[in-house]
There are 2 protein chains.
Amino acid sequence: MTKSKESPESAGSEQRRLQMVDIARLAGVSVSTVSRALNGSELVNAETRQRVAELARSLNYSINFGARNLRLQENKTVAVVVPYDARSRQHISDPFFLSIVGAIADALTDRGYDMLLSRVDAERLDQAAHWVDSGKAIGVILIGQWRQHDQLNDMAARKLPLVVWGGEMPQQLYASVGGDNVLGGTLATRHLLQLGRRRIAFFGDAKLPEVWLRRQGYAQALREVGLEVDAALELAAPFEPGVATDVVRQFCQSRRDFDAVFCCSDVLALLASQALRAAGRSVPTDVAVVGYDDMPLAAYCDPPLTTVHQPVAEAGVALVEALLAQLAGERPTLRTMPVHLMRRASAPDVIA
Amino acid sequence: MTKSKESPESAGSEQRRLQMVDIARLAGVSVSTVSRALNGSELVNAETRQRVAELARSLNYSINFGARNLRLQENKTVAVVVPYDARSRQHISDPFFLSIVGAIADALTDRGYDMLLSRVDAERLDQAAHWVDSGKAIGVILIGQWRQHDQLNDMAARKLPLVVWGGEMPQQLYASVGGDNVLGGTLATRHLLQLGRRRIAFFGDAKLPEVWLRRQGYAQALREVGLEVDAALELAAPFEPGVATDVVRQFCQSRRDFDAVFCCSDVLALLASQALRAAGRSVPTDVAVVGYDDMPLAAYCDPPLTTVHQPVAEAGVALVEALLAQLAGERPTLRTMPVHLMRRASAPDVIA
DNA sequence: TTGAAAGCGCTAACAA
DNA sequence: TTGTTAGCGCTTTCAA
């Protein structure tokens, strides 16, 4: 058995956490009554309810959620999982992902849910399921689908409550929320074309669904003016700055036949700008740069970054709503949110 | 009572979560044996243990931690709390705070703890205590002490397991981990002085302990060369970009009698650089800029930011260790970690 | 309007 | 080596 209820505070200082039974004793009622009073049940005398509630408050009592959840078979915790690249041991560091996490935190808090934050190997997104399997969380919000479309489909097939931030894919079974990546790619590219740029490079790893879609938008905008994608102007730069730096530098040094670059993240855009300057080419005069995400710092860079704005706060809400809808029994949904171009100096309407 | 054990799966698809009793029935042993087997107890036949473990694995069973924790009176969840400014409704957005959160996530994961992430009104840091009071977490890691030194002391007096990222204060009862702010201020200022700068502005809200300490280092470095702090060169800029932008712009436009500025965050340094350029002054030629934190993007700005590097990963570990030490019964400790200057182009050794 | 008692899923003391 | 049983702190049915 557990240690018998030792005589009054054996150790003295060792103060046991207050629980309902204590309130009950002090109020001279039963535990059931305390429970009812604290939950605002109609089944308890108004005066008693008042008295118990006040006592609890004055003693700074707060309920043991573990016990409550066990009894009620309920849980208000959501796991938010940020993938990391296992090979480079990169941290969660892209400012955009972190902004999304902040937005989700807000949305969850507003709805009375708690947020368990963790990281997972980007190759093993399926491991995120353990949060639900172990009962620690009721559902999972995953930041980015990476290359694991199939793993995600498997998870959804297992009826795991799951929402992924990312792009819409063919044959997708899991719920997702994402920006309109095709539109984003189109807006960015059209803008550069309107500036008179014709040799527009594309930086981003098209094996990732979001990047793949942005590339479609890019290709479409080129086609609108009768241009084709030039494979020589594409660079499969990853999102992790550590890994991307070298390839970006190399590209900027070796290839000079481009007058603009569309980068699939703001961080990449910063890297590119730096590499271009290092190669003796000015931004935006020689090469105009457009980023993606509109991270909080984008406006404060030099030159301030023209970039595709993603609606972060709304995305947080949408992700949470999509998860709660599944928990309420609805089927997983795909949602695409509008994006727009933030025009700043890195790809200015009029070249200074 | 709870709903009686309805006849075989009333709803059909509605699959109840697997629990020990299921494994026990299938393995033909008692629940205790399953429990023992899964916990690797010596008290169970090796063969049985093997069989049960395999069965559990094949069925994808995972334990209900809520129940386990309740029974064991244990909990491996830590609350990480990021304050926000209630007036401006600012998000967690400073990249440095977010990096720290990432580092803490790693450190906790490595030690088998889960992380509950939440935000709290910077005026009411004491509300972070509810995570522990409610049993949802065993301790709190707070990112920044802000102006609430007294609230934090009260929490510590209540024996709340708590560690704060921030500066050491007189009469401090709560545990803290922080960078060596005085040293950081000194290094930054000395560097600027060595470049021949003499009119060095200070951007940061000295009501915050960390900034206060950095200002001491700044003042000390000035004194070393026979200079005094000039109140006219101080700007109480807050950390939130939204709020800071205006005051920084105004300062940079109105006051021209400074040739360097020491900013208490990298974001502030970016803001300042932009405001200076807008006012027609070049960085670093006219005004050298030094930031603080060495956020991941600092190296990719233009010009790359000279800044005081804070050891983020080590800080995450130190915060977690400090909390675990308290949980093991040790007294709260104050810890200061070394910082160093990252020399980059915003305050170059040789002016180009 | 209240209290007694059962039980959420698990662990461990005790008995066999 | 295994099973039986009590109980972690809470909610709720049932009886009073």
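- Nearest approach of A:Q145 to A:G167, heavy atoms of both residues: OE1-N, 2.6 Å.
- For the pair A:Y61 and D:dC10, the criterion of a side-chain N or O lying under 4.0 Å from OP1 or OP2 is met.
- Considering only the side chain of B:R71, D:dG7 comes nearest among D:dG7, D:dT11, D:dG9.
- For A:L70, the side-chain atoms get nearest to C:dG9 when compared with the rest of C:dG9, D:dT1, C:dT2.
- Separating the CG atom of B:N75 from the C1' atom of C:dC10 is a distance of 15 Å, rounded to the nearest angstrom.
- Side-chain atoms of A:T33 and A:S30 form a donor-acceptor pair, as typed in the model, at a separation below 3.5 Å.
- Per the geometry, CG belonging to B:N69 stands 11 Å off C1' belonging to D:dC8, to the nearest Å.
- Closest contact between the side chain of A:N64 and the listed nucleotides D:dC10, C:dC10, C:dT1 involves D:dC10.
- Within 6.0 Å of the CZ atom in B:R335, the count of heavy atoms belonging to other residues, nucleotides or ligands does not exceed 12.
- Between B:R36 and A:L43, the residue whose closest nucleotide on DNA chain D is further toward the 5' end is B:R36.
- A heavy atom lying under 4.0 Å from DNA chain D marks the following residues of residues 20-35 of chain B, by number: B:V29, B:S30, B:S32, B:T33.
- Counting to the nearest Å, the C1' atom of C:dT11 and the CD atom of B:E74 are 11 Å from each other.
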| task | Please step through side-chain hydrogen bond (donor to acceptor under 3.5 Å, both in side chains) for the pair B:N39 and B:R68, ending with a clear verdict. | result | CA-CA 12 Å; B:N39 286 305; B:R68 179 176 214 268; 3.3 Å; yes
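- Applying the side chain to side chain donor-acceptor pair (under 3.5 Å) test to every pair with at least one member in residues 320-333 of chain B, sequence neighbours left out, gives these pairs: B:R111-B:E321.
- Each end of the helix from C:dT1-D:dA16 to C:dA16-D:dT1 gets its own axis, taken as the rotation carrying the C1' atoms of four end pairs onto the next four within a five-pair window, and the two axes meet at 50° to the nearest 10 degrees.
- When rounded to the nearest whole Å, the span between CZ of A:F65 and P of C:dG9 equals 20 Å.
- Within 6.0 Å of CD on B:Q171 lie no more than 12 heavy atoms contributed by other residues, nucleotides or ligands.
- Residue B:L72 is in sugar-phosphate contact alone, with no base atom involved, counting any heavy-atom pair closer than 4.0 Å across all strands shown.
- With hydrogens and angles ignored, no donor-acceptor pair under 3.5 angstrom links the side chain of B:R17 to the base of C:dG9.
- In this structure, the nucleotide among C:dC10, D:dT11, C:dT2 sitting nearest to the side chain of A:I63 is D:dT11.
- Using a 4.0 Å heavy-atom criterion, one finds that B:N39 contacts the sugar-phosphate atoms exclusively.
- Among A:I138, A:N75, A:V320, the single residue meeting the side-chain contact (heavy atoms from CB on, under 4.5 Å) criterion with A:Y113 is A:I138.
- Nucleotide D:dT12 holds its C1' atom 16 Å from the CD atom of A:E42, rounded to whole Å.
- A close approach under 4.0 Å does occur between a side-chain nitrogen or oxygen of A:Q19 and OP1 or OP2 of D:dG9.
- In this structure, CG in B:L117 is found 11.0 Å from CD1 in B:I141, a value given to the nearest 0.5 Å.
- Across the protein-nucleic acid pair, A:Q73 atom CD and C:dC10 atom P stand 10 Å apart, rounded to whole Å.
- Atom CG of residue A:L324 and atom CG of residue A:L319 lie 11.0 Å apart, to the nearest 0.5 angstrom.
- Here the CD1-NZ distance, from B:I63 to A:K136, works out to 10.0 Å after rounding to the nearest 0.5 Å.
- The distance from atom CZ of A:R51 to atom C1' of C:dT1 is 13 Å, rounded to the nearest whole Å.
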